[in-house]
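Contents: one structure, followed by commentary.
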Amino acid sequence: MDMRILLSIVPVAALVALLLVSYKSEKNESINGVSLVSPPRPVEEEDFHSIANINANWVAIIPYGFSPDDDPSVYYDMKGQWWGERREGTEVLIKYAQQNNLKVMLKPHVWVRSQGWTGEYELGTEEDWKKWERSYQNYILEFAHLAEKYKVPLFCVGTEYRRVVVKRPLFWGHLIDTVSQVYSGKITYAANWDNFHNVTFWNKVDYIGVDAYFPLCEDPIPTVETIVSGWQKQYNELYAISKQYQKPILFTEYGYQSVVGAAGKHWEVDKSKLNMTAQANAYRAIFQRFWGEDWFAGGFLWKWHFSDHAGGLEDPNFTPQGKPSEAVIRQHYNLNTGR
């Protein structure tokens with residue numbers, strides 16, 4: 001409705017109230033997500049109920065691909081892969097998520113054999129790069145078509161290719177354009193926490209995706225206040241790039257291990273030094289710092305297993321399952337969910 005017409009028929013006070021309700025409703029629709037572990041064997045629809053129990057409203061489903069060291073290709077949907085990594089399992093997981101009123105981000109993710117991390121992926125010749133680009137595009141389009149088939153609302157075109165986004169920027173722009181021809185939902189890319197400044201194609205996506213494993217402080221068991229203060233530099237940088245591109249920030253991954261030093265350099269922690277408080281405080285701080293900001297869309301915690309035995313007080317890994325952090329997440333997601 002034209003604003004002039006609306007003003008003529010609605011008293012000003014009522015209009016202000018209406019706009020505030022609309023704004024608050026939009027703010028309440030945060031993406032409160034979990035990243036699902038791709039299960040090795042089929043799961044049941046009931047296995048999704050634990051996700052609803054923490055008041056999550058989104059899940060990230062991850063069909064993995066693999067790149068060998070000696071072959072500039074991406075292999076996917078292979079017989080030897082885990083069920084949840086293949087197309088067959090991915091389709092079932094999408095259906096189960098939708099049956100549980102969970103929205104889906106489909107997030108293809110490549111492992112590099114021997115190297116492990118895609119961030120260091122490197123090729124030596126233009127011929128090899130061209131071969132990789134064709135192969136990677138085929139992989140992404142396979143699952144973009146699947147996302148369109150099931151009306152998945154969000155699709156991620158890549159994860160943590162720190163070097164490749166710098167060396168092959170034109171490829172990513174072309175890839176996003178190609179995906180948009182077969183997929184009608186929203187698109188993101190998941191940049192590593194130390195690389196989002198170097199991505200040149202944010203103007204082509206709907207969300208600026210960041211895997212938010214920022215080192216925030218060196219305290220072994222910091223308070224919530226200390227961690228919130230540690231976010232200030234990154235907060236400012238994320239806000240600035242959001243405003244630059246007029247796109248919301250989405251934490252395509254975020255999370256903490258349940259160990260001493262959880263809010264620091266996660267790749268350097270000693271997993272023998274369990275500490276549940278460090279993990280729980282880090283979750284409280286990230287929620288306090290970002291959720292509710294009008295330029296911040298939400299995020300997907302890392303990670304959620306389909307097992308009653310996952311996590312627990314003896315587990316140092318990222319999952320919050322069976323730990324004090326699970327209650328922190330449940331409470332926060334309950335306050336900020338759009339469900």
Side-chain angles (χ1 to χ4, degrees), residues 22-35 57-62 103-109 118-119 140 143-144 147-148 151-162 164-166 168-214 231-255 286-287 289-302 336-338:
S22 175
Y23 174 72
K24 288 179 180 178
S25 297
E26 185 176 328
K27 293 262 291 181
N28 285 337
E29 294 177 356
S30 296
I31 294 176
N32 297 312
V34 301
S35 300
N57 56 5
W58 283 73
V59 293
I61 295 174
I62 307 173
K103 296 180 180 179
V104 173
M105 174 174 70
L106 194 57
K107 184 172 176 276
H109 188 146
T118 55
I140 292 300
F143 290 100
E148 180 66 16
K151 303 304 177 186
V152 167
L154 181 57
F155 185 78
C156 184
V157 297
T159 299
E160 297 181 0
Y161 271 107
R162 186 171 64 171
V164 182
V165 297
V166 173
R168 313 295 293 188
L170 296 179
F171 164 72
W172 293 97
H174 172 75
L175 176 66
I176 293 166
D177 290 341
T178 305
V179 168
S180 296
Q181 293 173 12
V182 301
Y183 170 69
S184 59
K186 294 186 181 297
I187 294 174
T188 190
Y189 167 80
N192 201 51
W193 62 270
D194 62 350
N195 184 239
F196 66 92
H197 309 86
N198 298 325
V199 175
T200 58
F201 48 84
W202 290 133
N203 61 308
K204 287 183 170 286
V205 301
D206 298 287
Y207 296 98
I208 295 173
V210 180
D211 285 0
Y213 301 110
F214 298 92
W231 269 113
Q232 191 58 52
K233 178 177 180 290
Q234 291 83 4
Y235 175 96
N236 292 340
E237 292 174 350
L238 291 165
Y239 176 78
I241 201 166
S242 173
K243 293 307 175 186
Q244 177 186 347
Y245 287 97
Q246 293 296 297
K247 310 281 185 179
I249 301 293
L250 173 66
F251 286 166
T252 36
E253 292 177 21
Y254 75 97
I286 196 172
F287 292 149
R289 199 68 188 93
F290 288 96
W291 264 254
E293 298 286 357
D294 59 6
W295 51 274
F296 180 75
F300 295 84
L301 68 84
W302 188 266
N336 291 275
T337 186

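The structure presented is a predicted model; accordingly, all values stated were derived computationally and were not measured. Note that these values count all heavy atoms, side chains included, but never hydrogens, waters or copies made by symmetry.
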*Between the main-chain N or O of Glu160 and the side-chain N or O of Thr118, is there a donor-acceptor pair closer than 3.5 Å?*
yes
*Check whether any side-chain N or O of Ser242 sits under 3.5 Å from a backbone N or O of Leu238 as a donor-acceptor pair, and report yes or no.*
no
*Between Asn32 and Trp291: side-chain donor-acceptor atoms closer than 3.5 Å*: yes
*Contact summary for Pro248 and Ala297, nearest pair of heavy atoms*: CB-CB, 4.2 Å
*Give the ring-plane orientation class for Trp172 versus Tyr161, where under 30° counts as parallel, over 60° as perpendicular and anything between as tilted.*
tilted
_Residues Glu293 and Tyr235: side-chain donor-acceptor under 3.5 angstrom_ = yes
*Distance-only, no hydrogens or angles: does the Asn198 side chain make a donor-acceptor pair with backbone N or O of Arg162 under 3.5 Å?*
no
*Minimum heavy-atom distance between Val182 and Ala144, given as atom pair plus value*: CG2-CB, 4.1 Å
_Set of ring pair (Phe, Tyr, Trp, His ring centres under 6.0 Å) partners for Phe143, sequence neighbours left out_ = Tyr139
*Listed by chain and number, what are the side-chain contact (heavy atoms from CB on, under 4.5 Å) partners of Val205, not counting sequence neighbours?*
Ile176, Ile187, Trp202
*Which atom pair, heavy atoms only, marks the closest approach of Pro169 to Thr200?*
CB-OG1, 3.5 Å
*Locate the shortest heavy-atom distance separating Trp58 from Pro153; write the atom from each residue and the value.*
CH2-CG, 3.7 Å
*Please check if any side-chain donor atom of Gln181 sits under 3.5 Å from a side-chain acceptor atom of Asp177, or the reverse.*
no
_Residue pair Thr252 / Ala190: nearest heavy atoms and the distance that separates them_ = OG1-CB, 3.3 Å
*asked:* Taking the side chain as everything from C-beta on, heavy atoms only, tell me whether Glu237 gets closer than 4.5 Å to Phe196.
replied: yes
_Parallel, tilted or perpendicular, judged at 30° and 60°: which one describes the rings of Phe251 and Phe296?_
perpendicular
_Assess the residue pair Met105 and Ile31 against the criterion (side chain to side chain contact (heavy atoms under 4.5 Å, CB included)); give the C-alpha distance rounded to whole Å, side-chain angles, the decisive distance to 0.1 Å, and a yes or no._
CA-CA 10 Å; Met105 174 174 70; Ile31 294 176; over 6 Å; no
*Would you indicate whether Tyr245, at its atom OH, is surrounded by more than 12 heavy atoms from other residues, nucleotides or ligands within a distance under 6.0 Å?*
yes
*Would you name the heavy atoms of Gly299 and Tyr254 that are closest together and state the gap between them?*
C-CE2, 3.6 Å
*Ignoring hydrogens and geometry, is there a side-chain-to-backbone donor-acceptor pair from Ser35 to Leu301 under 3.5 Å?*
yes
*Got a second to check how far Trp295's CH2 is from Ile241's CD1, nearest 0.5 Å?*
11.0 Å
*asked:* Please verify the inter-ring angle class for Trp302 with His109; under 30° counts as parallel, over 60° as perpendicular, anything in between as tilted.
replied: tilted
*Drop me the distance from Arg289's CZ to Trp231's CH2, to the nearest 0.5 angstrom.*
10.0 Å
*Looking at side-chain heavy atoms only, is the closest gap between Leu250 and Leu154 below 4.5 Å?*
yes
*Roughly how far apart are Ile249 CD1 and Ile208 CD1, rounded to 0.5 Å?*
4.0 Å
*Taking C-beta and beyond as the side chain, do Ile140 and Phe155 meet within less than 4.5 Å on heavy atoms?*
yes
*asked:* Looking at Glu253, is its backbone amide N or carbonyl O close enough to the side chain of Asp211 to form a donor-acceptor pair, meaning the two atoms are under 3.5 Å apart?
replied: yes
_Validation row: Tyr239, Phe290 side chains within 4.5 angstrom (heavy atoms)_ = no
